[in-house]
Novice: 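Here's a structure for you.
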Number of protein chains: 2
Amino acid sequence: MTLKGRHIVLVEDDEIMGGSIHQRLELEGASVTWVKLMGRGLSAIRTPRLPVDGVVCDIRLPDGTGEELYEALCRTTSPPPFLFITGQGGIDQAVRLLRAGAADYITKPFDMAGFLDRLALILRPEENVDLPPQTGISVGARRVDALAAEYAAADHPVLIRGEKGLGKARLARRIHDLSDRRAAPFVEVNAHRTDRASAAMTDAIAEVGEGTLHVNGLDSLSQAAQDHLIKTLAADAPFRTIASAWPAVDERVAAGELRADLLYLLKTHEIFIPPLSERPEDATWLAKQFFEALNRRRDPPLKGLSSHAESTIRAHDWPGNGRELRARLLRAVEAAQGEWLFPSDIFPELGAESDRFSTLAEARDAAERQQIVAALTRTDGHILEAAKLLKVSRTTLWEKMQKFGL
Amino acid sequence: MTLKGRHIVLVEDDEIMGGSIHQRLELEGASVTWVKLMGRGLSAIRTPRLPVDGVVCDIRLPDGTGEELYEALCRTTSPPPFLFITGQGGIDQAVRLLRAGAADYITKPFDMAGFLDRLALILRPEENVDLPPQTGISVGARRVDALAAEYAAADHPVLIRGEKGLGKARLARRIHDLSDRRAAPFVEVNAHRTDRASAAMTDAIAEVGEGTLHVNGLDSLSQAAQDHLIKTLAADAPFRTIASAWPAVDERVAAGELRADLLYLLKTHEIFIPPLSERPEDATWLAKQFFEALNRRRDPPLKGLSSHAESTIRAHDWPGNGRELRARLLRAVEAAQGEWLFPSDIFPELGAESDRFSTLAEARDAAERQQIVAALTRTDGHILEAAKLLKVSRTTLWEKMQKFGL
DNA sequence: GGAAAATGTTCGGATTTCCGAACGCCAGAA
DNA sequence: TTCTGGCGTTCGGAAATCCGAACATTTTCC
């Protein structure tokens, strides 16, 4: 995890503390604006040199407090994520600030590694204005992005391999947009729509000109379409080919369903997108990206993604990869019950208590409760009589009433 | 500011503190459920007597911590607003809880007035003016009604799941009538009438226009009809789809009898109607509704539903759900002997002298037996699996089967 | 207002329930 | 054939439930 390209405002009057944070943040690649007065902080955040991705703010300052700073900002704008650090703060203050929308609150002295983790967690999601959408922040995802950038600069065919829902089509598009052919057309042939695949291939090749042809679903490409494609490529086609396929595409060759020469032509430059289940940090990162985007359109907006939801996302297996994640978040943000997004919103099948088969104990308790209520109704709430009716001792009935909260 | 009509769960083991909060909350007009153990809190919040508007929770409890309670709740449902109170908490804990979605955090000792202010601030906003209950008055039934109203306002497909006799068709109709399509036709395809299902589907689709199509019995839909439906939906059909199915519809997908893509297309918005046996309060409520309606047409009218009849209705299991209840009341009101409706009128098969109240042990055993039979049915008689389903050891299940002669 | 009845609550011990570990049995797979 | 996995059955200890006794407190009824 790095802070490269991020702009962070540090408000801290203490030379030592401020110096060490400043130094460390720059080491991580962030650009840091360090101010030592509340007033300076106000202007540094209100009229920044660069968009502010986050603020690290001490509470006690020579000309005021961090709280005042935060409050002043809130009055005029929606402030960037604030991480407060303080030496002598109290619980009340922490609660007050968090409820006011601060992102985190850490007491001094703290351990620098933990501090950086928490800071990275809360930073405003990248704006992605200039950078195209990325795959993620994990090592694997970065390699994918790096390869995509590298291959975009070249002009050879590319094969993208990965499970469903990992954005293979999006990646193909990104390579095109970063390449010199970006002004020419980007045409996609989807081999999964099996009918008329060959005709679609012919049309696409006619249409693409000097652009990029994306063959989506190389594994399912019909024989005729394969032949057509390879013939065109052999004849020095003017377009660039990007193909995408499932991880197990080699088996298709072994099974005789895919021409080996076609695959090896493409395979010289290959990008493999690892499944989301192998990089949980990307799952949470992606979730946050989606959440921000979706929540912006929500009325009223949610307060955030609860930390439990985050860890559940991290633990889930995501067999449907990014597509599943996106679908679940879409649904969750739309249907959220409370003010925060909880695990049950994202995985409604967990709770829902609905079709889950009840255990013996539950069935038993439900029946007991029901019978007790019935007995109490019949006796007008007389516990002793109800106990007699139910043939249990008064004590037992009392115990059970406690248990069921009656 | 008053708490009139609000239901608050108080989780606090300390007598003095709990007592004073309890007293004060009731003074303000709230109905309070006070529990002293984490486990009790869990059940009091999960299966509440009344919808919970807020929780006041101590952190340190004899059988766990408030944090654990909160976390356990988060896993299965979206928790009501939590206000934590604690004597020896730390800043880290406060920050952690607030970031997990807790609403507030107060340290003891605190001033009661301030506490009340903060509590009032976070309470779940008042339910929108009670639309008259349709499905029932229980928490589960209200949820069904609320979901129906919410989904009626949107325009996506809906899946209604529930046992027979719960009024799935009526609910589908209600969603249509509340929606913007109410002027357009409401057409129902009943897949259970297996002959000509595909033809019926074609006809219905032709007929529905821009209205609502109710696919009744999604689980029994023929392959041809499924294909037809999904093709129509994929082609941007002008109508809205509401499907109804049995609770175990997922098994149909596993068995290969129902197309997964069709189910997941519908399943994004799902309403589950809990069986009547899980909400006895609705059984009596429904009985009263039916009774009123039926009695109005009777000459001479009955004086009412005897309290014994009521408790018998509450205790009955209603395997046929609302439909059975309606049928029995119809019959009972017509054939009633006396001036009041007695249990023997509603359950004539029980014989005259059957108002003997079953003991707790009997009720418990009956419920156990029933649940065991259900589990064994579901697992095709596999004992080990059934035991897992019921969350008991194989030995215990065996013992009980002996006892019940299974 | 006061006695009697009912309720709230705790406690220790008797009883029941529950579980895991065994052991043998049997049917089907390899 | 052996091996495997599910089933029927027993057993001993751990955990829970249940009960009656006891006592304080509250409600009811005279």
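Every chain is numbered from 1 and lettered A, B, ... according to where its sequence line falls, protein lines coming before strand lines.
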Novice: Tabulated below should be each protein N or O lying under 3.5 Å from an N or O of nucleotides 20-27 of chain C; please produce it.
Specialist:
| unit_1 | atom_1 | unit_2 | atom_2 | d |
| --- | --- | --- | --- | --- |
| C:dG20 | N7 | B:Thr395 | OG1 | 3.2 |
| C:dA22 | N6 | B:Arg394 | NH2 | 3.3 |

Novice: Counting only heavy atoms not in A:Glu257, do more than 12 fall under 6.0 Å of its CD?
Specialist: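 Atom CD in A:Glu257 is packed in, count exceeds 12.
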
Novice: Within less than 4.0 Å of OP1 or OP2 of D:dG5, is there a side-chain N or O belonging to B:His382?
Specialist: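 Answer no for this pair, as no side-chain N or O of B:His382 is under 4.0 Å from OP1 or OP2.
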
Novice: Run the numbers on B:Tyr70 and A:His308 for side chain to side chain contact (heavy atoms under 4.5 Å, CB included), then give the verdict.
Specialist: CA-CA 10 Å; B:Tyr70 185 69; A:His308 290 145; 3.9 Å; yes

Novice: The helix from C:dG1-D:dC30 to C:dA30-D:dT1: angle between its terminal axes, five pairs each, to 10°?
Specialist: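 Comparing the axis at each end, I get an angle of 40°.
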
Novice: Flag the pair A:Lys400 / B:Leu360 as yes when at least one side-chain heavy-atom distance between them is below 4.5 Å, and no otherwise.
Specialist: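 The answer is yes, as the side chains (C-beta and beyond) meet within the 4.5 Å cut-off.
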
Novice: Could you tell me the separation between the SG atom of B:Cys57 and the CD atom of B:Glu12, rounded to the nearest 0.5 Å?
Specialist: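 Nearest 0.5 Å value for the SG-CD distance: 9.0 Å.
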
Novice: Considering just the side-chain nitrogens and oxygens of B:Arg364, establish if one lies under 4.0 Å of OP1 or OP2 belonging to C:dT17.
Specialist: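 For C:dT17, neither OP1 nor OP2 has a side-chain N or O of B:Arg364 closer than 4.0 Å.
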
Novice: In this structure, how many angstroms lie between the P atom of D:dG5 and the CD1 atom of B:Ile383, rounded?
Specialist: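 Computing the B:Ile383:CD1 to D:dG5:P distance gives 18 Å.
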
Novice: Do you know the tightest heavy-atom contact between A:Ser277 and A:Asp317?
Specialist: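 Shortest heavy-atom contact: CB-O, 3.1 Å.
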
Novice: Grab the CE-C1' distance between B:Met401 and D:dG6 for me, whole Å please.
Specialist: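 After rounding, the gap between these two atoms is 13 Å.
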
Novice: Counting only heavy atoms from other residues, nucleotides and ligands, does the tally under 6.0 Å from CZ of B:Arg60 exceed 12?
Specialist: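 No, the 6.0 Å shell around CZ holds no more than 12 heavy atoms from other groups.
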
Novice: Count the heavy atoms belonging to other residues, nucleotides or ligands that lie under 6.0 Å from CD of B:Gln223, then report whether that count exceeds 12.
Specialist: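 Atom CD in B:Gln223 is crowded, with more than 12 foreign heavy atoms closer than 6.0 Å.
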
Novice: Check the distance between D:dT17's P and A:Leu390's CG and give it to me in whole angstrom.
Specialist: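 Answer to the nearest Å: 17 Å.
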
Novice: Applying a 4.0 Å non-hydrogen cut-off, can you work out what B:Gln402 is touching in the nucleic acid: base, sugar-phosphate, or nothing?
Specialist: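 Since only primed, P, OP1 and OP2 atoms lie under 4.0 Å of B:Gln402, the category is sugar-phosphate.
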
Novice: Please confirm whether B:Phe347 and B:Trp318 have ring centers closer than 6.0 angstrom.
Specialist: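 Centroid distance B:Phe347-B:Trp318: below 6.0 Å, so yes.
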
Novice: Would a distance-only check, ignoring hydrogens and angles, find a side-chain to backbone donor-acceptor pair under 3.5 Å from B:Asp219 to B:Val249?
Specialist: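 Here the side-chain-to-backbone pair does not exist.
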
Novice: Carefully, step by step, assess B:Asp282 and B:Ile137 under the rule side chain to side chain contact (heavy atoms under 4.5 Å, CB included).
Specialist: CA-CA 6 Å; B:Asp282 282 347; B:Ile137 50 168; 3.5 Å; yes

Novice: Can you measure A:Leu360 atom CG to C:dT17 atom P for me and round it to whole angstrom units?
Specialist: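 Going from CG in A:Leu360 over to P in C:dT17 covers 13 Å.
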
Novice: Check this one for me: any side-chain N or O of A:Lys400 less than 4.0 Å away from OP1 or OP2 of D:dC18?
Specialist: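 Checking A:Lys400 against D:dC18: at least one side-chain N or O falls below 4.0 Å of OP1 or OP2.
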
Novice: Would you call B:Glu28 and B:Arg24 a salt bridge, taking side-chain N to carboxylate O under 4.0 Å as the test?
Specialist: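 Looking at B:Glu28 and B:Arg24, the cut-off is met.
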
Novice: Checking contacts here: which listed nucleotide (C:dA6, C:dC18, D:dC18) is nearest the side-chain heavy atoms of A:Leu384?
Specialist: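 Among the listed nucleotides, the one closest to the side chain of A:Leu384 is C:dA6.
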
Novice: Do A:Val95 and B:Arg118 have side chains that get closer than 4.5 Å, going by heavy atoms?
Specialist: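 Sidechains of B:Arg118 and A:Val95: in contact.
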
Novice: When the distance from CH2 of B:Trp34 to C1' of C:dT9 is rounded to whole Å, what number comes out?
Specialist: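 Those two atoms, CH2 and C1', are 13 Å apart.
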
Novice: Could you give the CD-to-C1' distance, from A:Glu368 to C:dT17, as a whole number of Å?
Specialist: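 Distance, rounded to whole Å: 13 Å.
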
Novice: Rounding to a whole Å, what distance do you find between B:Lys403:NZ and C:dC18:C1'?
Specialist: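 One finds 12 Å between C1' of C:dC18 and NZ of B:Lys403, rounded.
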
Novice: Is any side-chain nitrogen or oxygen of B:Trp398 closer than 4.0 Å to OP1 or OP2 of D:dT9?
Specialist: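 Yes, because at least one side-chain N or O of B:Trp398 sits under 4.0 Å from OP1 or OP2 of D:dT9.
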
Novice: Please state how far atom CD in B:Glu399 lies from atom C1' in C:dT16, giving the value in whole angstrom units.
Specialist: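 About 10 Å, once rounded to whole Å.
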
Novice: What does the B/S/- profile of nucleotides 25-30 of chain D look like, 5' to 3', with a 4.0 Å heavy-atom cutoff to protein?
Specialist: ------

